[in-house]
Participant: 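Okay, handing you the structure first.
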Protein chains: 2
Amino acid sequence: MHVKSASDRVSEITLQLERLILSGDLAVGDYLPAERALSEQLGVSRSVIREALGRLTSIGLTESRHGSGTRVATPSGREISVGYERLLRNSDVPLEDLAVVRLSLESTIASLAASHRTDPQLQQLAATQAVLVNPRKSLAAHVKADAEFHAVLAEATGNRVFPLMLTPIHDLLTDSRLKTLKRYGAALAYSHHQKIFEAVRSRDASAAAAAMREHLAVNSRHLEAMAAARSKTD
Amino acid sequence: MHVKSASDRVSEITLQLERLILSGDLAVGDYLPAERALSEQLGVSRSVIREALGRLTSIGLTESRHGSGTRVATPSGREISVGYERLLRNSDVPLEDLAVVRLSLESTIASLAASHRTDPQLQQLAATQAVLVNPRKSLAAHVKADAEFHAVLAEATGNRVFPLMLTPIHDLLTDSRLKTLKRYGAALAYSHHQKIFEAVRSRDASAAAAAMREHLAVNSRHLEAMAAARSKTD
DNA sequence: GGATCCAATTGGTCCTACCAATTTAGCGGG
DNA sequence: CCCGCTAAATTGGTAGGACCAATTGGATCC
């Protein structure tokens, strides 16, 4: 990648530390040396160290706690999510577009999950369903269970890229999912999930994908309706 | 979004400046006030200003030139891509997994492109095909044309999220694509692309998706073969 | 009018001192 | 011996000054 030589110190140091982390010399959760120590070891002022660590933190590679230290953060895709969020605000990407991408990914996920799911994962899915069908649980709990269902499904593909790609999309769509749940109730989501669940349980890949498409179609229609209402008032 | 209150000064200032930029008060290319001026205006030390600006620069919102000043950078979504790329690289996912995700996205892309493509986009596709079928062009040119073909297709969906999701994946798979081109020659890629092209031209969504799946299957088989060879030597 | 040089402006680095959380070690009482 | 409290050491966070280095813009000179 042509990231031009970066003749300034902080960029150098940032790269150096980044390499140190990504090379595996430092595991997730390990503490980096203290800023004053790094300053001496690397032969630059503490300001440079601080700016470098700040940049690493801003891209989610490290996290610092006052008085405690700085350690490498658990990679979670959350930084990517905020990046996407920023881009969304900036370039005004409509949520409908995101929903389309989600539909594409999730139908593949359902299909693959049906082929690769393990029994414990099946139980996890059942657990989220138990929450969703329980009317005594709060709306927030229902939303969480809904998200969990899809997350477990992504896990069950056995392909680690799917969770990484899906997480930020889910985060961005969480609002719309909440509205959909409010509008149509958890019962509908439960019955949809149940159809998917049965297909995954019986390892019927195409049925799982079809059920997923049907499930997400509700959300898409809702988004489109809102978009239409919005454009009317413009 | 629940981005915890961020009690430290630099986070505050970073958010403040970010808001200032994204709200449109500062257009792309505009210069921010000098660090010393910002320091005084916002009532914090220059160190804080510098760290905040550094973070903004590291996520691609601003760019600083020594002696000149700091201005808001042209938004390109590229920073998001490299963020994604970093994450994927970091988590050490097998290329086969990436190829699967790519297949999922690209088949949807082909389908949507068939419905939404414009005539100029069709011409762009044809142009990359002209390069690919020209044996006088270098291998690098062929790889570029191949990448371009898929990029234009992603554009043609009219959904700006697809390019964003696909770009980092393409970047990570560029090596394997090069090897595939070497192994099977540009002619095969050309004929596959041609099938996709015809389907997109005639707005046949399902044919486009099918042709795309067939196209990428070659790549997948190649990757699997390499993975198998690798595991033998382990 | 054009080229050259110089001074003001601006980002980049270093340093030192101090503030504020956190952790750790030590002390004392039970 | 153990628990709880306190104080010191460690660590990140902020401030502010001094200086270096690149860029810019104007004044000067031809």
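Keep in mind the model is a prediction, meaning the values are calculated, not measured. Note on naming: letters A, B, ... go to the chains in the order of the sequence lines (proteins, then strands), and numbering restarts at 1 for each one.
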Participant: Roughly, in whole Å, what's the span from CD1 in B:Ile13 to P in D:dG13?
Facilitator: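 Roughly 15 Å, once rounded to whole Å.
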Participant: Under a 3.5 Å distance rule, please check whether A:Arg117 uses its side chain to pair with a backbone N or O of A:Val200 as donor and acceptor.
Facilitator: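 Yes, the answer is positive, given that a donor and an acceptor are paired below the 3.5 Å cut-off.
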Participant: What residues from residues 38-47 of chain B pass a heavy-atom cutoff of under 4.0 Å to DNA chain C?
Facilitator: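 Only B:Arg46 qualify.
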Participant: Residues two or more places apart in sequence or in another chain: which of them pass side-chain hydrogen bond (donor to acceptor under 3.5 Å, both in side chains) with B:Ser39?
Facilitator: none
Participant: How many Å lie between CG on A:Asp8 and P on C:dT10, as a whole number?
Facilitator: 20 Å
Participant: Distance check needed: D:dT14 P versus A:Leu53 CG, whole Å only.
Facilitator: 14 Å
Participant: Testing A:Val218, A:Asp146, A:Leu216 for side chain to side chain contact (heavy atoms under 4.5 Å, CB included) with A:His192, which one passes?
Facilitator: A:Val218
Participant: Calculate the interatomic distance between A:Leu32 atom CG and D:dT11 atom P; express it in whole Å.
Facilitator: 13 Å
Participant: From CG of B:Leu56 over to C1' of C:dG11, roughly how many Å is that when rounded to an integer?
Facilitator: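 In whole Å, C:dG11 C1' and B:Leu56 CG are 15 Å from each other.
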Participant: Examine D:dT24: is either OP1 or OP2 under 4.0 Å from a nitrogen or oxygen in the side chain of B:Arg65? Give yes or no.
Facilitator: yes
Participant: Check the distance between D:dG17's P and B:Ile49's CD1 and give it to me in whole angstrom.
Facilitator: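 Checked: the CD1 to P distance equals 15 Å.
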Participant: For B:Gly67 and A:Gly67, find the nucleotide of DNA chain D closest to each by heavy atoms; which residue's nucleotide sits nearer the 5' end?
Facilitator: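 The residue closer to the strand's 5' end, by nearest nucleotide, is A:Gly67.
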Participant: OP1 or OP2 of C:dT10 sitting under 4.0 Å from any side-chain N/O of B:Ser68?
Facilitator: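 It does not, given that no N or O in the side chain of B:Ser68 lies less than 4.0 Å from OP1 or OP2 of C:dT10.
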